[in-house]
Amino acid sequence: NYAMYYNSDNWDDAQQKGIRPTYYENLIKSATESIKIWDPWATNTQDDGIMESITCGLEIVILTNLSSDNIEKHKLYANRLWEKIADEYKEDSVLKYCYVDSRKYGKKYYLHDRFLIVDDSRVFLIGASLSMQVSHYDGLTATTGIYELTEAEDIRIVKEKFRHSYLIAENDGTIIVKPDP
């Protein structure tokens, strides 16, 4: 239940050519109902490839902490994420990209750590943002630690805090849903 951090100029050496960590992608592929990604840095322009790992219709929720000053950037990013989902899964999928407005709340609801919740049952502490979990662009040759939470109380706390922040984002109207209603 752990993936290591590995970042080296030697990652693509002769013995490792073409091999890269796939644990995060495999977790996404294992989802049958939903994935929830809680990542304060989820607007990195290089991380949209993770949506290519979806293998069925899902409810996809991405929750982040960003300023409403960047609403156009949020919309572009959400659209790019949606476009990466295979067409055959879009009809049965919904993507909710939402953020707690740091301009409005400051650091009151700020999260630094990242989490992945698969099918509302498995919870993972993720070492770094999406862009460091998949190498879908030149120059990225790393992954970061991924740890599966196994204690019931830890899982409950993460899910409860996720829901609390999600409701704040949703009630503020700071949610972007794809496909368009």
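The analysis underlying the following values was restricted to heavy atoms, covering all of them including side chains, and did not include hydrogens, waters or symmetry mates. Note that this is a predicted model, so its numbers are computed, not measured.
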Asker: Examine distances only and state if a side-chain atom of T64 and a backbone atom of D39 form a donor-acceptor pair shorter than 3.5 Å.
Answerer: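 Present.
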Asker: I want to check something: taking the side chain as every heavy atom from C-beta on, are Y24 and I126 in contact at a cut-off of under 4.5 Å?
Answerer: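 Heavy-atom side-chain distance check passes, below 4.5 Å.
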Asker: Hey, does I62 have a side-chain heavy atom less than 4.5 Å from the side chain of Y99?
Answerer: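 The answer is no; the side chains never approach within 4.5 Å.
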Asker: Taking atom NZ of K75 and atom CZ of R80, what is their separation to the nearest 0.5 Å?
Answerer: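 The NZ atom of K75 sits 16.0 Å away from the CZ atom of R80.
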Asker: Any salt bridge between E153 and R156, counting N to O under 4.0 Å?
Answerer: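 A salt bridge links E153 with R156.
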Asker: Looking only at heavy atoms, which two atoms of D119 and A31 are closest? And how far apart?
Answerer: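 Smallest interatomic distance, heavy atoms only, reads OD2-CA, 3.6 Å.
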Asker: To the nearest 0.5 angstrom, please state how far the NZ atom of K161 sits from the CD1 atom of I157.
Answerer: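 Between K161 NZ and I157 CD1, I get 8.0 Å after rounding to 0.5 Å.
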Asker: Between CG of N171 and SG of C98, what distance do you get to the nearest 0.5 Å?
Answerer: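 Those atoms lie 11.0 Å apart.
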Asker: Out of curiosity, R114 CZ to L125 CG, how far, rounded to the nearest 0.5 Å?
Answerer: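 One gets 9.5 Å once the value is rounded to the nearest 0.5 Å.
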Asker: Taking atom CD1 of I117 and atom CG of L27, what is their separation to the nearest 0.5 Å?
Answerer: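 Reported to 0.5 Å precision, the distance equals 13.0 Å.
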Asker: Please report the shortest heavy-atom distance between V158 and W38, naming the atom on each side.
Answerer: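 It is O-CZ3, 3.8 Å.
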Asker: Any side-chain heavy-atom pair from E25 and I50 closer than 4.5 angstrom?
Answerer: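 Contact flag for E25/I50 side chains = yes.
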Asker: For the residue pair S102 / N65, report whether a side-chain donor-acceptor contact shorter than 3.5 Å exists.
Answerer: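 Note: N65 and S102 side chains miss the donor-acceptor criterion.
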Asker: Counting the benzene-type ring for Trp, do F124 and Y147 have ring centres under 6.0 Å apart?
Answerer: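 Distance test on ring centres: not under 6.0 Å, no.
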Asker: Taking only residues two or more places apart in sequence or in another chain, which ones pass ring pair (Phe, Tyr, Trp, His ring centres under 6.0 Å) with Y166?
Answerer: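 Per chain and number, Y166 pairs via ring pair (Phe, Tyr, Trp, His ring centres under 6.0 Å) with no residue.
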Asker: For residues L95 and A78, report the shortest heavy-atom separation together with the two atoms involved.
Answerer: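 Minimum heavy-atom separation between L95 and A78: CD2-O, 3.6 Å.
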Asker: Is the shortest side-chain heavy-atom distance between T32 and T55 below 4.5 Å?
Answerer: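 In short, these two side chains do not touch, never coming nearer than 4.5 Å.
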Asker: Between the side chains of K104 and D172, is the shortest nitrogen-to-carboxylate-oxygen separation below 4.0 Å, so that they form an ion pair?
Answerer: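 Salt bridge present between D172 and K104.
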Asker: Are any non-hydrogen side-chain atoms of D120 and K36 less than 4.5 angstrom apart?
Answerer: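 D120 reaches K36 side chain to side chain.
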Asker: Closest heavy-atom contact between I54 and Y89?
Answerer: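 Reported closest heavy-atom pair: O-CE1, 3.4 Å.
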Asker: Tell me whether S34 contacts the main-chain N or O of L58 through its side chain, where contact means a donor paired with an acceptor under 3.5 Å.
Answerer: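 It does not hold such a pair.
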Asker: In terms of ring plane angle, is the pair Y77 and Y97 parallel, tilted or perpendicular, where the classes change at 30° and 60°?
Answerer: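 Rings of Y77 and Y97: perpendicular, over 60°.
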Asker: For E91, look at atom CD and say whether over 12 heavy atoms of other residues, nucleotides or ligands are found less than 6.0 Å away.
Answerer: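 Atom CD in E91 is not crowded, with 12 or fewer foreign heavy atoms closer than 6.0 Å.
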Asker: Which atom pair, heavy atoms only, marks the closest approach of C56 to S93?
Answerer: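 That would be O-OG, 3.9 Å.
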Asker: Between E83 and K178, is there a side-chain N and carboxylate O pair less than 4.0 Å apart?
Answerer: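 Salt bridge absent between E83 and K178.
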Asker: So which atom in S53 and which in I28 form the shortest heavy-atom distance, rounded to 0.1 Å?
Answerer: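 Reported closest heavy-atom pair: CB-CG2, 3.8 Å.
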Asker: Quick check for you: to the nearest 0.5 Å, what is the distance between E170 atom CD and I175 atom CD1?
Answerer: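 Here the interatomic distance stands at 5.0 Å.
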